[in-house]
Amino acid sequence: MAISEQEIRKVALLARLELTPEEARLMATQLSRVLEYMELLNSVDTQGVEPLALAVEVTNVLREDRVTPGLDRESALANAPHRDDECYRVPAVLGET
Amino acid sequence: MESFWELTARELSDKLRRGECSAVEVARACLDRIAAEDATVRAFLSVEPDWALSQAEEVDRRRRAGESLGPLAGVPVAVKDNLCVQGRVTSCASRMLAHFRSPYDATVVDRLLKAGAIIVGKTNLDEFAMGGSTETSAFQFTRNPWDVERIPGGSSGGAAACVAARMVPLSVGSDTGGSIRQPAALCGISGLKPTYGRVSRFGLVAFASSLDQIGPLAQSAEDCALLLEVLAGHDPRDATSLDRPVPRYASELEGAIKGLRIGWVPEHFTEGLDGEVGEAVREALRIYEDLGAELVEVASPHARYAVAAYYIIAPSEASSNLARYDGVHYGYRTDEKAMLADLEEERRLLRESGDEAALEEIDSALVRLYRRSRAGGFGAEVKRRIMLGTYALSAGYYDAYYLKALKVRRLIRQDYDRAFSQVDVIAGPVTPSPAFRLGEKTSDPLAMYLFDLYTVGANLAGLPAMAIPCGFSREGLPIGLHLQAPALEEVRLLRAAHALQRNTDWHRRRPGSHIAARSELRG
Amino acid sequence: MAALPYTIVVGLEVHVQLLTESKLFCGCSTKFGAPPNTQTCPVCIGMPGVLPVMNAKAFALALKAAAALNCHIATFTKWDRKNYYYPDLPKGYQISQYDLPLCRDGWLDVPSEDEAEDRRIRIIRVHLEEDAGKSLHDEKAGRADSRIDLNRAGTPLLEIVTYPDIRSPAEAKTFLQELKLLLNYLEVSDCNMQEGSLRVDANINLHIPTPQGIAATPIVEVKNMNSFRAVEKALAYEAERQWGVFQETGRKLGEVPKQTRGWDEHAEVTRPQRSKEESSDYRYFPEPDLVPVTVTPEEIERVQASLGELPADLRRRLRRDYGLNAYDADVLVNQGRSTVHYFLRLADVCGDGKAAANWIQQDVLRVVHERQISITDFPIPPDTLGEVIRMVRGGRLDTPKGRQVFAHLLQHGGRPQEAVDALGFKDVDDAEVQALCRELVDANPKVVAEVRSGKEKALGSLVGQAKKRNPHVNPARVKEICLELIARM
Ligand SMILES: [Zn+2]
């Protein structure tokens with residue numbers, strides 16, 4: 001299935017990627033080719049087949065509710081590109097808090 | 001000691017234990033070898049001489065003090081740069097994390113250090129492990145030690161090349177769709193992807209969480225066993241980690257091949273398989289037959305859909321796993337001032353042209369910060385996969401792509417279940433051809449994806465699989481044999497691999513030294 | 001109340017924080033009020049390589065709440081990722097539950113003022129998810145930045161979604177009060193709106209009878225309501241607003257996209273909130289880092305059996321077995337489980353539910369509120385207070401003296417008899433009182449005549465004389481005996 005540049009732009013916003021017009025064009029071409037290949041899957045009869053999301057058959061892995069030491073603030077913020085003494089900083093978040 | 005690098009990890013560990021050499025001597029020799037070889041091969045993103053030597057000194061001190069030492073005491077090991085090491089850069093070969101210092105150790109790193117292994121540095125990979133040639137690394141190309149104009153495979157290209165070039169005896173990689181086995185095959189070494197859940201993923205920077213596994217790369221099956229024994233085990237920090245006893249892999253290697261039922265899938269030997277690879281694999285099967293194994297043809301009717309299913313599932317998970325790289329809490333962030341100025345300029349132009357609709361739709365500063373930081377931090381392949389995954393999960397496409405792929409994934413798993421009711425292991429090729437040339441497939445993502453044809457199945461089904469050397473092409477390029485086994489049957493895999501290695505010497509061959517070749521190469 | 005020309009239809013989406021020590025997927029503390037970014041670890045910051053592991057207590061609390069809300073509990077439940085970008089969501093996705101929530105199809109009965117029967121509000125689903133951090137807006141001049149505090153990121157939340165069964169703003173408030181009470185009783189959540197441990201959004205529209213049938217107005221989601229009172233006010237405002245818009249435009253459900261409006265506490269109006277269209281594509285998919293949780297029918301039964309008496313049951317019992325009226329039963333139950341326990345013991349010891357309820361409401365709770373303590377820390381145990389009430393009922397003390405004994409016990413502790421002695425309240429032998437009364441009746445024929453002519457108040461002078469003669473007599477007893485004597489004359 002071909003994917004249009006328009007769709008590429010929509011997906012790029014969802015994925016929070018900025019694409020130049022050339023990148024968007026190339027992306028559309030390359031992804032279209034990949035998606036065409038994926039059409040192979042349409043020939044598989046999956047009627048009544050349960051999806052398999054996880055390759056382990058493990059259930060009920062739970063931890064005890066216990067407080068364990070975390071990071072001190074300096075370590076937590078050490079890798080932040082923009083911060084102050086206490087917090088990460090970003091351009092104004094609009095809308096609700 | 002002059003030629004420690006000729007030794008396997010087992011031999012080295014025995015020498016250390018017997019006191020024939022010290023850990024510091026080994027570490028020095030190892031660092032010297034890296035300094036000489038890696039200028040050409042470029043397997044390492046970072047080498048830590050001071051840290052390595054201090055770890056080695058500690059091992060020597062403890063040995064002198066008569067303290068009990070771990071099974072890898074004094075043995076140098078390289079760690080793929082998508083495994084977190086506390087206080088050190090974990091870059092994932094991405095501009096995004098070029099300066100990211102992890103505040104914690106991955107569980108496997110913890111286990112390595114406790115076992116006494118000497119971590120000497122971190123190896124190159126495809127950016128976020130997305131690729132099959134290590135060419136998507138943001139920092140450097142790693143070269144195949146057998147032919148420096150060729151790729152080492154990927155994504156654990158650095159991890160495989162450093163063992164192949166005998167810079168370290170042991171190396172830890174990760175495998176999401178073949179990322180341990182494929183470079184091991186292309187570099188002529190042994191590599192094992194364990195059963196999903198066998199090794200903790202805690203501290204492995206996630207690519208596709210339901211497929212990722214950490215595993216060993218080494219010169220031989222025996223050394224893989226030695227390293228796997230240290231890596232494997234239950235971890236309460238990883239909910240998908242299996243709470244099952246870890247066999248003593250290294251002591252379980254001997255065992256008769258007689259009566260072993262080895263399955264082979266006819267489809268693996270048809271379309272697209274390079275003739276020399278096919279011949280080498282068939283020759284390996286003949287050796288097994290000579291050793292008393294029984295060859296059984298098995299069906300794998302859905303194998304041909306594995307790449308399609310894989311390249312929907314893996315990018316879907318990746319699109320979510322990589323959402324955290326947004327330039328807010330850590331990692332690359334675009335120049336905010338320049339970004340805001342550009343945004344203002346765009347708004348001005350739109351206002352002037354009276355395009356109210358576009359003005360309404362324009363990114364907020366925050367959204368633009370995300371988009372530009374991610375655009376600047378990620379390379380082309382990572383972006384492609386994020387786009388592909390985002391698309392496959394988005395409203396209107398989820399059922400047709402993601403859900404369909406999960407159903408096919410179950411069918412593939414059922415194929416394996418049926419096959420393993422008839423055979424003990426499945427053998428076949430690891431890759432359709434030997435290592436290709438640098439740049440050969442970079443402009444054709446689909447061709448690159450199709451190179452994973454034989455390896456992705458084991459990840460989709462969560463099964464253990466191994467690559468071991470089984471020959472060379474006429475051009476002198478290594479060829480790998482792929483062995484797959486039922487869940488938690490690593491012992492069976494290792495035994496089969498070890499048996500072949502006792503009867504062949506492919507795994508003992510070494511590429512020539514690269515010290516002289518250095519000047520001929522561009523960087 | 002005049003009938004409205006429309007029916008208000010409200011559904012609520014409530015988030016409550018669970019009372020765990022540690023976060024849902026890591027060992028960080030959930031304590032409220034710590035300095036920014038001091039309760040985090042690599043897991044809840046979403047550092048590369050980390051993995052979540054589910055908190056057993058959070059799951060158990062969710063199960064308890066689900067059982068108390070009469071839900072159908074799933075024997076197999078799994079987690080999903082809800083993908084969206086926000087700076088207070090460090091992983092870029094929230095771990096939540098999408099298609100297989102912990103439970104669905106429950107209900108909560110809420111007391112209704114007009115109707116004799118409780119009103120049943122049905123629950124669509126209840127699921128477990130993680131909270132996000134907080135964006136703090138920097139008010140400093142010229143700075144358009146937001147500051148991000150991740151202390152709250154990863155705190156366990158229970159999301160409870162109701163059917164649109166609520167029919168008035170007051171009922172929305174009552175539902176929330178009842179839900180809070182229930183979750184407090186179960187010790188599942190403290191539901192403190194000021195600390196954000198209960199948050200609520202409402203979907204509201206109107207059903208308007210018209211000659212063409214019932215017309216439904218477009219559904220509006222109302223956010224930013226910071227107290228139960230605010231919920232009531234915001235919904236009342238929003239209903240009136242929708243009525244006005246409908247009269248003006250006639251616009252019906254489905255003719256305009258769903259709108260989100262925020263409640264402005266100061267202006268007391270709802271205002272439209274901008275929400276980008278694309279943000280609603282959350283790309284849910286199964287969380288590959290967590291394994292499913294299964295619950296056996298036996299485990300579900302065990303949880304149901306362990307719930308104990310819930311507020312509705314207790315209200316019923318207080319009315320039926322202790323003779324309380326609806327109001328008193330409500331007041332006591334709304335105070336929480338420990339107050340009810342205090343009451344039950346007190347009523348059993350003193351043998352009078354009504355008296356016990358009065359003493360708790362007028363005396364015990366006054367002190368509890370003044371001292372800002374919990375009733376479990378109230379210094380007079382119910383057995384002791386019960387004895388005091390028994391003395392009052394038995395005529396040994398009058399009510400003012402009973403209060404003095406109460407005050408004395410509050411200050412000094414000890415047994416009631418010790419307080420009575422310390423206060424110098426001597427027990428007077430009943431025969432002595434009888435003799436005294438006879439003397440007084442005989443000596444005051446004028447008073448007797450007045451009483452006999454119906455002026456019972458005249459007895460006051462006899463009581464006064466009796467107290468002068470013996471300050472320890474119980475005036476009520478004196479009154480009682482004198483009346484008896486006069487009646488027999
Ligand atoms: Zn944490």
Side-chain angles (χ1 to χ4, degrees), chain A residues 3-19 24 31 38 46 49-97, chain C residues 20-22 25-31 35-45 47 53-60 76 78 83 85-88 90 92 134-138 143-150 223-224 262 273-275 278 281 283 285-286 288 290-295:
Chain A
I3 181 166
S4 67
E5 270 180 66
Q6 163 105 27
E7 272 180 298
I8 289 287
R9 275 194 293 274
K10 226 180 94 188
V11 176
L13 174 58
L14 257 185
R16 295 291 187 270
L17 287 171
E18 186 178 40
L19 297 180
L31 291 197
M38 303 304 185
T46 52
V49 177
E50 276 296 304
L52 179 69
L54 211 58
V56 278
E57 275 125 27
V58 176
T59 56
N60 297 35
V61 178
L62 300 155
R63 48 168 266 274
E64 201 189 323
D65 180 28
R66 201 162 46 83
V67 174
T68 51
L71 294 172
D72 59 78
R73 179 155 62 200
E74 204 37 50
S75 313
L77 296 174
N79 282 290
H82 188 186
R83 52 169 285 197
D84 54 33
D85 290 344
E86 297 181 323
C87 287
Y88 306 91
R89 294 197 82 115
V90 291
V93 172
L94 298 172
E96 79 232 288
T97 46
Chain C
T20 55
E21 296 295 316
S22 65
F25 300 120
C26 64
C28 290
S29 168
T30 53
K31 213 169 273 160
N37 294 304
T38 55
Q39 285 176 181
T40 67
C41 72
V43 175
C44 56
I45 299 183
M47 288 266 176
V53 184
M54 177 80 58
N55 182 331
K57 174 89 181 285
F59 188 81
F76 179 95
K78 69 167 178 74
N83 294 285
Y85 288 88
Y86 212 73
D88 63 15
K134 276 186 197 158
S135 308
L136 316 164
H137 298 281
D138 197 340
R143 299 213 67 155
D145 278 19
S146 290
R147 308 170 72 220
I148 310 297
D149 169 15
L150 296 181
K223 291 176 175 274
N224 289 357
Q273 283 187 339
R274 258 189 71 141
S275 58
E278 52 81 24
D281 191 347
R283 290 158 287 134
F285 76 102
L290 290 171
V291 298
V293 176
T294 58
V295 189

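Everything quoted here is computed from the prediction, not taken from an experiment. Lettering of chains follows the sequences in order, A, B, ..., and the numbering in each one begins at 1.
Nearest heavy-atom pair, C:P36 versus A:C87, reported as atom, atom and distance to 0.1 Å: CB-SG, 3.8 Å.
Using a 4.5 Å cut-off on side-chain heavy atoms (C-beta onward), C:I148 and A:R89 make no contact. Under the 4.5 Å side-chain criterion, counting only non-hydrogen atoms from C-beta, C:V291 is in contact with A:L54. You'll find the side chain of A:Y88 reaches within 4.5 Å of the side chain of C:L150, heavy atoms only. Taking the side chain as every heavy atom from C-beta outward, A:V67 and C:C28 never approach each other to under 4.5 Å.
For the salt bridge (Lys or Arg N to Asp or Glu O under 4.0 Å) test, residues two or more places apart in sequence or in another chain that qualify with A:R83 are A:E74. The side-chain hydrogen bond (donor to acceptor under 3.5 Å, both in side chains) search around C:S29 returns none, not counting sequence neighbours.
One finds the CZ atom of A:R73 at 11.0 Å from the CD atom of C:Q39 (value rounded to the nearest 0.5 Å). Rounding to the nearest 0.5 angstrom, the gap separating the CG atom in A:D84 from the CG atom in C:D145 is 8.5 Å. Expressed to the nearest 0.5 Å, how far OG of A:S75 lies from CG of C:N37 amounts to 12.0 Å.
Of all the listed residues (C:T40, C:T38, C:L290), the one sharing the greatest number of non-hydrogen pairs under 4.5 Å with chain A is C:T40. Across A:T68, A:L62, A:N60, the residue that shares the most heavy-atom pairs under 4.5 angstrom with chain C is A:N60. Interface summary for chain A: among C:V293, C:N55, C:D149, the most heavy-atom pairs under 4.5 angstrom belong to C:N55.
Residue contact with chain A, scored on non-hydrogen atoms closer than 4.5 Å, is absent for C:C44. For A:R66, the part lying under 4.5 angstrom from a heavy atom of chain C is the backbone only. For C:P292, the parts lying near chain A are the backbone and the side chain together; criterion is any non-hydrogen pair under 4.5 Å. With a 4.5 Å cut-off on non-hydrogen atoms, C:F25 touches chain A through its backbone but not through its side chain.
Distance alone, capped at 3.5 Å, places no donor-acceptor pair between the A:R16 side chain and the C:Y85 backbone.
Side chain to side chain, A:D65 and C:S22 meet the donor-acceptor criterion of an N or O pair below 3.5 Å.
Ion pairing of C:R147 with A:E86 is present here, as a side-chain N (NZ or NE/NH1/NH2) and a carboxylate O approach within less than 4.0 Å.
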